[in-house]
Amino acid sequence: QSPLLYSPQQPQHKPVPRGVISTQLYIDKLPPNITAQQLGKLIESMGLPGFCGVKLGSKNLLPGEFRTAQARFVDAPSASAGLEALHHYVIPGWNIPLSVNFLRGPKKKNGTNGHHNNMHYREPRNSNIFYDAK
């Protein structure tokens with residue numbers, strides 16, 4: 001059984017995940033060796049309004065695992081536009097569509113989703129996991 005290959009032209013219809021609307025997106029299925037600068041410049045090149053920056057996941061990956069990231073936007077409508085553009089986007093040379101959704105908040109004690117804003121910059125700005133939009 002051969003694996004399916006994806007191209008930037010597919011799929012024509014992009015089903016957008018439903019979820020908690022926020023100003024941040026969770027991006028999965030990134031290449032394991034992508035840098036924050038590469039991802040940030042890619043998103044900037046798409047001309048998405050309100051893009052502020054990205055933070056890459058810093059977990060040591062096992063073979064077959066994907067890099068993840070968070071993208072921050074100035075407001076929820078900008079993040080929604082980012083989700084529309086990035087969900088199922090295929091990075092040239094990677095051939096695996098991105099999986100993107102709104103970043104969900106932590107569970108409150110009553111079991112409901114809370115407001116989420118965990119993209120805090122605790123590391124130096126020159127860290128290879130952060131990229132601030134110009």
Side-chain angles (χ1 to χ4, degrees):
Q1 180 176 347
S2 64
L4 294 175
L5 296 179
Y6 295 90
S7 69
Q9 292 78 28
Q10 295 177 343
Q12 295 298 322
H13 173 68
K14 297 180 183 180
V16 175
R18 301 290 177 218
V20 177
I21 296 175
S22 76
T23 60
Q24 295 182 53
L25 300 177
Y26 176 79
I27 305 171
D28 194 8
K29 306 282 192 248
L30 289 163
N33 60 346
I34 195 166
T35 67
Q37 288 72 28
Q38 290 169 327
L39 179 58
K41 288 179 190 265
L42 172 75
I43 294 171
E44 281 182 332
S45 75
M46 298 172 97
L48 297 173
F51 172 62
C52 297
V54 296
K55 175 185 174 188
L56 282 186
S58 57
K59 168 185 162 184
N60 290 328
L61 300 177
L62 297 173
E65 290 186 316
F66 301 105
R67 181 67 56 210
T68 62
Q70 298 169 22
R72 189 168 41 95
F73 291 82
V74 295
D75 54 29
S78 297
S80 292
L83 183 119
E84 287 277 353
L86 291 167
H87 187 60
H88 287 188
Y89 177 80
V90 177
I91 295 173
W94 178 233
N95 296 330
I96 296 175
L98 299 180
S99 177
V100 182
N101 206 337
F102 291 109
L103 189 62
R104 300 189 194 303
K107 294 285 185 182
K108 289 183 179 177
K109 289 182 181 175
N110 64 5
T112 62
N113 279 333
H115 178 71
H116 198 56
N117 188 12
N118 75 342
M119 197 166 154
H120 300 292
Y121 292 103
R122 294 192 179 110
E123 297 185 30
R125 288 290 209 197
N126 64 358
S127 168
N128 66 353
I129 65 170
F130 293 108
Y131 177 83
D132 291 320
K134 306 286 183 251

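Computed from a predicted structure; not experimentally measured. Keep in mind that the numbers below use all heavy atoms, side chains included, and drop hydrogens, waters and symmetry copies. Residue numbers start at 1 and run along the sequence shown.
Taking CG of L25 as the reference point, atom CG of L98 lies at 11.0 Å (rounded to 0.5 Å). Within the model, atoms CD of E84 and CG of L48 stand 11.0 Å from one another, a figure rounded to the nearest 0.5 Å. One finds the CG atom of D132 at 9.5 Å from the CD atom of Q37 (value rounded to the nearest 0.5 Å). Within the model, atoms CD1 of I27 and NE2 of H87 stand 12.0 Å from one another, a figure rounded to the nearest 0.5 Å.
The salt bridge (Lys or Arg N to Asp or Glu O under 4.0 Å) test applied to E65 returns K59, not counting sequence neighbours. Not counting sequence neighbours, the partners of P32 by the side-chain contact (heavy atoms from CB on, under 4.5 Å) test are L61, W94. Here D28 pairs with Y26, F66, T68, S99 under the side-chain contact (heavy atoms from CB on, under 4.5 Å) rule; sequence neighbours left out.
The list of ring-ring contact (aromatic ring centres under 6.0 Å, His included) pairs with a residue in residues 28-51, not counting sequence neighbours, reads F51-F73.
A heavy-atom distance below 4.5 Å is not found between the side chains of V54 and Q38. Taking the side chain as every heavy atom from C-beta outward, I34 and L42 never approach each other to under 4.5 Å.
Contact between M46 and A85 at its shortest, heavy atoms only, is CE-O, 3.7 Å. The two residues S78 and P49 have their closest heavy-atom pair at CB-O, 3.2 Å. Minimum interatomic distance between Y131 and A36 (heavy atoms only, all atoms of both residues): CB-O, 3.4 Å. Minimum interatomic distance between L30 and A69 (heavy atoms only, all atoms of both residues): CD1-CB, 3.7 Å. Contact between S22 and A79 at its shortest, heavy atoms only, is O-CB, 3.3 Å.
Between the H88 side chain and the P97 main chain, no donor and acceptor come within less than 3.5 Å of each other.
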- T35 vs R67, side-chain contact (heavy atoms from CB on, under 4.5 Å): CA-CA, chis, key distance, verdict: CA-CA 10 Å; T35 67; R67 181 67 56 210; over 6 Å; no
- Task: Please lay out, stage by stage, how C52 and V74 fare under the test side-chain contact (heavy atoms from CB on, under 4.5 Å).
- Result: CA-CA 7 Å; C52 297; V74 295; 3.4 Å; yes
